[in-house]
Engineer: 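Handing you a structure now.
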Amino acid sequence: MPPESDPLSDLNPAQRQAVLIPSGPLLIVAGPGSGKTRVLTHRIIHLIRQGVPPQRILAVTFTNKAAREMRTRVERALGVDAAGLTLGTFHAVAARFLRVHGAAIGLDPQFVIFDDEDQLALMKRAVQDLGLDPRRFSPRALLSAVSSAKSELLTAEALAGRARQYWDEVVARAYERYQELLGENHALDFDDLLMQMVALLRQAEAVRQRLQERFLHVLIDEFQDTNPAQYVMARLLAEGHGNLTVVGDPDQSIYSWRAADIRNLLNFEHDYPDATVVFLEQNYRSTQAILQLAQRVISSNRQRKPIALWTENSSGLPATLIEAYDEVEEAEAVARELLALREQGFSLRDCAVMYRTNAQSRPVEEAMVRWGIPYQLVGGTRFYQRREVKDAIAYLRVLANPWDSAGLERVLNVPPRGLGQRTAAELRRYARQQGLTPLQVAMMAEEQEGLSVAGRARNALVAFGRLMAELAVEVEAHSPHDLLDLVLMRVGYRDYLQDHFPDADDRWENLSELHTVASGYASLPPREALTSFLEEVALMSDVDELRDEGEGVTLITLHAAKGLEYPVVFIVGLEEGLLPHSRTLDDPSQIEEERRLAYVGITRAKQRLYLLRALRRSYAGAPTGLGPSRFLRDIPRERLVLGGRGRPAPQAQTAKASLSAPQLVGATGRSPSAPTLYAAGEHVQHRVFGEGVVVSCTAKDNDAEVVVAFVGLGVKRLLASLAGLERR
DNA sequence: AAAAATACGCTTTTT
DNA sequence: GCGTATTTTT
């Protein structure tokens with residue numbers, strides 16, 4: 001993309017219009033690859049050049065990564081001027097405002113943000129406190145009910161008022177108790193960040209006025225995926241002047257399960273009758289072949305406003321369809337293609353493999369390892385939810401906010417010091433009774449008469465309290481990374497890892513990575529640095545961890561891939577039951593969302609697109625046969641070429657005939673092997689045994705042991721050199 | 001209270 | 001089939 005030096009010359013008329021509209025509500029409907037980020041960035045640059053001070057502009061993006069990129073672009077165009085720009089995700093922006101102004105609605109400026117593990121722990125406690133049976137009322141389900149209520153700005157009280165069934169009543173009560181517990185912890189959960197922000201704007205008039213006067217322009221990206229709370233927050237902030245710019249694409253709305261409401265976008269003109277509407281329809285990203293294929297897929301959606309996408313890009317190659325036998329062969333096919341693409345001059349970092357569910361990354365990862373292809377996995381077991389990382393953060397959290405009992409209870413017995421559930425509960429009880437923080441009680445355990453912790457546990461608690469007291473002294477004097485070191489050292493965390501985990505070195509390595517992140521805050525005053533660091537860590541999203549300069553192919557869910565683009569895209573698992581996912585099959589509107597998800601994936605591709613499906617896939621242990629995705633049926637034959645190993649993959653029928661079901665279950669237990677010999681699922685012919693399907697192939701000395709399922713004969717183990725197998 | 005054994009449930013997507 | 005949660009054992 002050309003540099004942003006001249007904001008106008010390299011924009012098309014629609015883009016230019018979107019950049020130049022001076023004020024008022026503005027809706028930009030932007031198809032994939034139509035340069036919406038550019039328009040947003042240029043608009044900000046233009047506003048600043050027109051004399052709007054950066055600190056009077058608020059821009060909201062979907063991920064922190066997008067925010068970072070946008071800031072970089074603005075700064076590159078303007079110099080350091082952009083420092084005052086308020087730019088981040090809804091959650092990050094809300095957190096920042098709440099730290100500064102939240103006291104007006106009774107918030108502690110040192111509040112911590114609870115992640116879902118903390119939330120679950122708290123909800124479990126709420127369930128317990130209410131004397132509910134956790135099997136009948138699963139804390140998880142309650143939590144998700146509470147979360148959607150909060151997304152719609154419903155308080156526990158409001159929820160109780162509209163309860164029609166027993167379940168709703170229980171949810172309302174659990175919500176109320178859960179909220180009390182959050183309060184005791186001086187903690188907010190993700191949804192609270194938005195809801196409390198709205199409460200702040202609604203209730204604290206002075207704050208509302210101040211923020212409304214401060215921000216002359218409010219710009220929101222990915223508007224199709226905002227939930228009611230976010231929408232209200234945006235509206236309130238832009239109230240008065242009404243200089244609200246929103247950018248979105250209804251066809252890319254994929255977060256309805258997270259309470260995102262596409263109507264925020266569709267009804268924008270209704271809510272703002274004087275809104276200007278601009279359509280960005282020229283695509284700069286993809287080849288014609290890819291764009292046309294994408295349109296074929298999305299046009300089957302009934303509930304949509306068609307948009308006339310077009311491109312001047314070259315026609316490009318047709319997409320490749322690969323039908324593999326199972327998920328292992330599917331992954332192998334990806335690996336083979338990646339190597340071929342590298343031969344053709346593509347870099348691995350130009351390539352991404354996308355899938356519906358995180359579980360699908362595994363066979364792909366395994367294939368990458370077998371073939372020696374470097375990769376970057378986005379999401380999955382995320383860095384910040386690894387146990388050792390969470391432990392370390394929990395220590396810091398407690399030091400930052402002594403009210404954080406969830407954090408305290410996480411570290412109370414890590415490393416093991418003989419302080420279990422009973423001690424934790426007593427600590428909590430006594431703290432509440434005395435009006436102290438649980439941490440204070442621990443620190444003063446020695447002189448607390450009424451604390452019924454005796455014997456060994458008492459001594460351990462006193463020792464723990466001393467340790468924490470010593471660390472607490474250091475908070476004001478050290479930047480987060482030094483504090484982290486200090487904590488790990490005093491606590492003896494490394495020894496703990498060595499004694500308890502076979503992979504202690506890897507885990508320690510993760511902590512040094514955390515140290516690196518923490519050292520990014522060294523320039524701020526210690527207290528502020530600690531808070532910001534913990535906030536960043538809490539609000540980090542999956543894609544935020546994606547490194548552009550990283551080596552290797554990217555493995556990513558379709559959801560997380562929104563907003564990204566790659567020269568080469570593989571979409572795996574195009575099967576009924578996976579994409580669209582089985583949980584959506586009974587609801588037409590959910591199927592439409594699945595289709596949009598497929599559309600998002602397809603439109604990430606610039607030059608090459610590979611669509612893959614497997615005939616069989618092991619799903620929760622058992623192998624299942626899945627038909628081709630209905631989305632494939634929308635694509636005319638001539639838009640696809642069949643790929644794989646230069647000939648069609650085995651047909652479903654043959655595969656079925658050659659396998660007696662129980663034996664194949666073992667196929668999932670295959671071990672890594674030389675990729676060259678036989679792939680699982682390959683059809684072979686034996687002189688004596690006849691036709692069969694390879695179950696696995698393992699290296700053995702200088703030979704390979706091939707396990708083959710023969711028609712009517714069952715499974716045989718053969719040595720590759722002696723068996724004389726022929727491929728069919 | 002810690003370690004070991006067993007049971008269970010899980011697979012949609014995430015700030 | 002696997003990883004986590006809960007129960008049982010020491």
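Protein chains get the first letters and strands the later ones, always in sequence-line order, with residue 1 at the start of each. Everything numeric here is computed off the predicted structure, so don't read it as measured data.
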Engineer: Wobble G-U and Watson-Crick pairs count when both distances are under 3.5 Å; given that, what is the 5' to 3' dot-bracket string of DNA chain B, with | for pairing to other strands?
Structural biologist: ||||||||||.....

Engineer: Provide, to the nearest angstrom, the distance between the CD1 atom belonging to I556(A) and the P atom belonging to dT13(B).
Structural biologist: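 Atom-to-atom, I556(A) to dT13(B), this comes out as 13 Å.
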
Engineer: Is NZ or CZ of K390(A) both nearer than 6.0 Å to the six-membered ring centre of Y384(A) and within 45° of the ring axis?
Structural biologist: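 Not satisfied by the 6.0 Å and 45° rule.
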
Engineer: Under 6.0 Å from the ring centre and within 45 degrees of the ring axis: does the NZ or CZ of R417(A) meet both conditions for the six-membered ring of F464(A)?
Structural biologist: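 The answer is no; the distance or angle limit is not met.
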
Engineer: Looking at the side chain of H581(A), which of dT13(B), dT11(B), dA2(B) is the nearest nucleotide?
Structural biologist: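 The closest nucleotide is dT11(B).
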
Engineer: Does A352(A) have any side chain to side chain contact (heavy atoms under 4.5 Å, CB included) partners at least two apart in sequence or in another chain, and if so, which?
Structural biologist: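 If we apply the side chain to side chain contact (heavy atoms under 4.5 Å, CB included) test to A352(A), skipping adjacent residues, the hits are M354(A), T554(A), Y566(A).
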
Engineer: Under 4.0 Å: is that the gap between some side-chain N or O of R258(A) and OP1 or OP2 of dT15(B)?
Structural biologist: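 No.
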
Engineer: Would you say S582(A) reaches dT12(B)'s phosphate, i.e. side-chain N/O to OP1/OP2 under 4.0 Å?
Structural biologist: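 No, because none of the side-chain N or O atoms of S582(A) sits under 4.0 Å from OP1 or OP2 of dT12(B).
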
Engineer: Can N264(A) and T226(A) be counted as having a side-chain donor-acceptor contact under 3.5 angstrom?
Structural biologist: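 Side-chain D/A pair, N264(A) to T226(A): present.
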
Engineer: Of the listed nucleotides (dT12(B), dT15(B), dT14(B)), which one gets closest to any side-chain atom of Y255(A)?
Structural biologist: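 Looking only at side-chain atoms, Y255(A) lies closest to dT14(B).
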
Engineer: Using atom C1' in both nucleotides, what's the gap between dT12(B) and dA5(C) to the nearest angstrom?
Structural biologist: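 Roughly 22 Å separates the two C1' atoms.
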
Engineer: Using atom CD of E366(A) as one end and atom P of dC2(C) as the other, report the distance to the nearest whole Å.
Structural biologist: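 The answer, rounded to whole Å, is 10 Å.
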
Engineer: Does a salt bridge link E426(A) with R422(A), judged by any charged N lying under 4.0 Å from a carboxylate O?
Structural biologist: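 Not counted as a salt bridge, because no side-chain N and carboxylate O are separated by less than 4.0 Å.
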
Engineer: Suppose we screen for side chain to side chain contact (heavy atoms under 4.5 Å, CB included). Which residues come up paired with D499(A), at least two apart in sequence or across chains?
Structural biologist: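 D499(A): no side chain to side chain contact (heavy atoms under 4.5 Å, CB included) contacts found.
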
Engineer: R362(A) side chain: which of dT12(B), dC2(C), dT14(B) is closest?
Structural biologist: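 It is dC2(C).
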
Engineer: In whole Å, I'd like the distance from the CG atom of L578(A) to the P atom of dT13(B).
Structural biologist: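 It is 11 Å, rounded to the nearest whole Å.
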
Engineer: Please give, in whole Å, the distance from dA2(B) C1' to R422(A) CZ?
Structural biologist: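 Computing the R422(A):CZ to dA2(B):C1' distance gives 15 Å.
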
Engineer: Of the candidate nucleotides dA1(B), dC2(C), dT14(B), which contains the atom at the shortest distance from the side chain of T423(A)?
Structural biologist: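 The answer is dA1(B), which lies nearest to the side chain.
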
Engineer: Using the side-chain heavy atoms of P416(A), tell me which of these nucleotides is nearest: dA2(B), dT11(B), dT14(B).
Structural biologist: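 The answer is dA2(B).
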
Engineer: Is N358(A) near enough to dT14(B) that one of its side-chain N or O atoms lies under 4.0 angstrom from OP1 or OP2?
Structural biologist: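 So the side-chain polar atoms of N358(A) do come within 4.0 Å of the phosphate oxygens OP1 or OP2 of dT14(B), strictly under.
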
Engineer: Quick one: which of dC2(C), dT12(B), dT15(B) gets closest to the side chain of T357(A)?
Structural biologist: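 Within the option list, the nearest is dT12(B).
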
Engineer: Is the NZ or CZ atom of R596(A) both under 6.0 Å from the centre of the six-membered ring of Y599(A) and within 45° of that ring's axis?
Structural biologist: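 Verdict for Y599(A): no cation-pi partner in R596(A).
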
Engineer: Over how many whole Å does the gap from M354(A) atom CE to dT12(B) atom C1' extend?
Structural biologist: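 Value for this atom pair: 17 Å.
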
Engineer: Of the options dT11(B), dT14(B), dA3(B), whose atoms approach the side-chain atoms of H500(A) most closely?
Structural biologist: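 The nucleotide sitting nearest to the side chain is dA3(B).
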
Engineer: Taking the nucleotide of DNA chain B with the closest heavy atom to each, which residue, G418(A) or Q590(A), is nearer the 5' end?
Structural biologist: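 This one resolves to G418(A).
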
Engineer: Look at all strands and tell whether N64(A) reaches a base, only sugar-phosphate, or nothing, counting heavy atoms closer than 4.0 Å.
Structural biologist: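 Contact class for N64(A): none.
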
Engineer: Assess whether one donor atom and one acceptor atom, taken from the side chain of H91(A) and the base of dT15(B), lie less than 3.5 Å apart.
Structural biologist: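 For H91(A), whose side chain was compared with the base of dT15(B), there is a donor-acceptor pair (under 3.5 Å).
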
Engineer: Does S589(A) offer a backbone N or O that forms a donor-acceptor pair with the side chain of Q303(A) under 3.5 Å?
Structural biologist: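 Not at all, since once roles are kept as given, no pair shorter than 3.5 Å links the two residues.
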
Engineer: Determine if W257(A) stacks with dT13(B); use a centre-to-centre distance below 5.5 Å and an interplanar angle below 30° as the criteria.
Structural biologist: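 Yes, W257(A) stacks on the base of dT13(B).
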
Engineer: Quickly work out the R387(A) CZ to dG3(C) P distance and round it to whole Å.
Structural biologist: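 Nearest whole value for this atom pair: 14 Å.
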
